[in-house]
Amino acid sequence: MAKKRWGGLAVAGAFLLSKGKVLLALLKFSKFGGTLISFGISLLFYAQIFGVWFGVGLLYLLFIHEMGHLAAAKRLGFKTGPAIFVPFMGAVIGIKDTFRTPKQEAILAYGGPFAGLLSLIPLLIGYAVTGNEFWLVIFHLGALLNLFNLLPVSPLDGGRILAGLPIVIWIAGLAALIAYGITHFSIILLLIAFLGGSAVWKRYQFAKQYENNKSVLMLYRAARSRVLQAKVEQEHATATETGSDEMIDETDDTTVSTYDPIAWSLRHDLQDLRSASPEDAKSAADELLRYQYDSANDYDALIRRLDQRIEPLLEAEKSVEYHQMSKKQQTITLFAYLALGAILFIAFEYSKGYLPTPS
C-alpha cells in the first residue's frame, strides 16, 4: 500500500514538472494562483500519507487559521501577500509592513488561533448531524494545532501575542517546549525551540546592552546635537568669510589668527558634558574629546563617529521600548490569551474522550 502511495506521488510530481509552465502562468496571472497551487501540492502529499479527506480537513484548518491572520492584518491596514501552504510545515501569509507596537503584533497573531477556534464550530455541527467520527477527528486536530500555536514561544502565535509582556514568559514557554521536544524527540519541536531560543537570546542581549549603556546613549545624543550646531555655525562662518574675502586688499599682510572660536566652544561644551556625565559614561566622553582633537574639527567625521556609536545602542533601545506594553494592555492581552487557550484546551480534552479507538 505504501509503495502505491509513493508511486502515485512520483507520477503526480512528474505531472507537475511537465506542466510547470502552465502552473507558473496561473501563479503569475491569478491573485490566488500561489494559494491554489500550494494547496494542491500540500493536498497531494497529505493524501498519499493520511488519505484525501484527512488532507482536506487538515488544509481546511490551516486555511481558516491563516485567514484569521489575514483579517487581522487588514484590520490593522497592513499589506499582505497570498496564503502559501508548505507540506508538513503548515501555511504562511506574507506581511509587507513592519509592526510598530507589540499591540499590533498581538492583534495579528491572535487572529489566527481565534479563527481556528471558530473553524471548529462547523466540524462540531457536522459530527452532531451525521454522527461520523471523521468530523470529530478533525475537530480534535484543530483544537490541538491552535492550542500548540498558543505556546508562548516566538515565532509561534503565542509568543507574538505576548511579545509586550516580560521576557520571563518567553523563557518559561521555551523551557516547556524544549522539555517536551526532548522527551518525545520531535525534530520540528526542537527546531521551533531553536528559533524561539534565538529570539529570547536576542531580546535579552538588547535589554542588557540598553541597561548598561543608558548614560552613554544620553551623552552621545547630547554630543551629536552640539556637533550639529557647531557644523551649522561653521558653514555660516565660512559663507560669511567667503563674502568678506572680496573686500580684503591682496597686499594686506596682517597676520591671520589660527584661533577657531567655534571649535573651542564645542570642546568646552564637550568637556562640560563629560563632567556632568555619570561615571559609566566618562570613558566614552574622553574618547569623543580625543577624536575631536584628532579630526581637526571635521564635523562630518565627528557626526559619523557618533552615529557609529549610537546605532547599536538605538537598536537596543528600540527593542526594549517595543517589548513594553502598558499595564492595562498587558492585562487585556494576557486575559484574552488565557481565555482563548482555556477554550481550546477544553475542546481538545473534551473531544479526546470521544475519539474512535484503533481496531
Side-chain angles (χ1 to χ4, degrees), residues 77-79 96-105 163-164 202-326:
F78 285 1
K79 296 179 180 179
K96 301 179 181 179
D97 292 283
T98 303
F99 300 115
R100 294 181 292 276
T101 65
K103 180 181 178 180
Q104 288 182 335
E105 186 172 0
K202 184 177 180 181
R203 181 175 168 183
Y204 168 75
Q205 287 291 93
F206 275 143
K208 183 178 179 181
Q209 184 181 17
Y210 174 70
E211 190 63 31
N212 293 340
N213 292 280
K214 285 192 289 187
S215 299
V216 175
L217 182 57
M218 290 177 61
L219 166 72
Y220 284 154
R221 277 180 167 148
R224 192 180 191 282
S225 177
R226 182 62 185 88
V227 173
L228 279 174
Q229 179 186 342
K231 179 183 176 181
V232 172
E233 291 174 359
Q234 183 61 51
E235 290 173 348
H236 179 72
T238 301
T240 303
E241 290 174 4
T242 301
S244 301
D245 284 346
E246 299 176 358
M247 304 173 60
I248 299 177
D249 187 351
E250 294 182 359
T251 61
D252 187 1
D253 57 355
T254 304
T255 303
V256 178
S257 173
T258 59
Y259 170 70
D260 186 343
I262 297 174
W264 277 105
S265 176
L266 172 62
R267 187 160 190 82
H268 283 306
D269 287 343
L270 293 179
Q271 288 173 338
D272 290 341
L273 270 176
R274 183 204 178 281
S275 300
S277 296
E279 286 299 321
D280 57 350
K282 290 192 185 301
S283 61
D286 289 336
E287 180 197 23
L288 184 59
L289 284 167
R290 286 194 299 270
Y291 193 77
Q292 189 222 0
Y293 181 81
D294 295 337
S295 66
N297 305 319
D298 184 343
Y299 300 115
D300 286 328
L302 272 169
I303 293 172
R304 286 194 299 271
R305 181 80 165 192
L306 283 165
D307 287 342
Q308 290 174 355
R309 298 293 189 269
I310 288 176
E311 186 175 354
L313 301 184
L314 286 178
E315 190 176 1
E317 181 185 55
K318 288 178 181 177
S319 174
V320 171
E321 291 177 348
Y322 177 84
H323 290 291
Q324 288 179 341
M325 275 184 172
S326 66

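Any value given below was found using the heavy atoms of this structure, including those in side chains, with hydrogens, waters and symmetry copies removed.
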Closest heavy-atom pair and its distance - Ala316, Gln209: CB-OE1, 3.7 Å

Heavy-atom side-chain proximity of Asp280 to Val216 below 4.5 angstrom: no

Any side-chain heavy-atom pair of Tyr322 and Glu105 under 4.5 Å: yes

For Ala284 against Tyr220, the heavy-atom pair lying closest together: CB-OH, 3.5 Å

CA sep, side-chain torsions, deciding dist, call: Ser295, Arg304, side-chain hydrogen bond (donor to acceptor under 3.5 Å, both in side chains): CA-CA 11 Å; Ser295 66; Arg304 286 194 299 271; over 6 Å; no

Any side-chain heavy-atom pair of Tyr293 and Arg267 under 4.5 Å: yes

Note, Ser319 side chain near Tyr210 side chain (heavy atom, < 4.5 Å): no

Donor-acceptor under 3.5 Å (Gln104 side chain, Arg100 main chain): yes

Any Asp269 side-chain heavy atom under 4.5 Å of Leu273 side chain: no

Minimum side-chain heavy-atom gap Glu279-Lys282 below 4.5 Å: yes

Spacing of Leu266 atom CG and Gln271 atom CD [to the nearest 0.5 Å]: 10.0 Å

Chi angles and distances behind the salt bridge (charged side-chain N to carboxylate O under 4.0 Å, His left out) call for Arg224, Asp307: CA-CA 8 Å; Arg224 192 180 191 282; Asp307 287 342; 2.6 Å; yes

Minimum-distance pair of heavy atoms, taken over all atoms of Ala285 and Leu219: N-CD2, 3.5 Å

Verdict with supporting geometry, Leu314 and Arg221, side-chain contact (heavy atoms from CB on, under 4.5 Å): CA-CA 10 Å; Leu314 286 178; Arg221 277 180 167 148; 3.2 Å; yes

Within 6.0 angstrom of Tyr291 OH, more than 12 heavy atoms from elsewhere: yes

Distance-only donor-acceptor check, side chains Glu235 and Tyr299, under 3.5 Å: no

Any Arg305 side-chain heavy atom under 4.5 Å of Asp298 side chain: no

Verdict with reasoning, Lys231 to Val227, per side-chain contact (heavy atoms from CB on, under 4.5 Å): CA-CA 6 Å; Lys231 179 183 176 181; Val227 173; 5.5 Å; no

Minimum heavy-atom distance between Ala163 and Pro102, given as atom pair plus value: C-CB, 4.5 Å

Side-chain heavy-atom pair Leu302, Leu288 within 4.5 angstrom cut-off: yes

SB check Lys214 Glu317 (cutoff 4.0 Å): no

Polar contact flag, side-chain donor to acceptor under 3.5 angstrom, Ser283-Arg274: no

Atom pair CD1 (Ile262) and CD (Gln234), whose distance is rounded to the nearest 0.5 Å: 4.5 Å

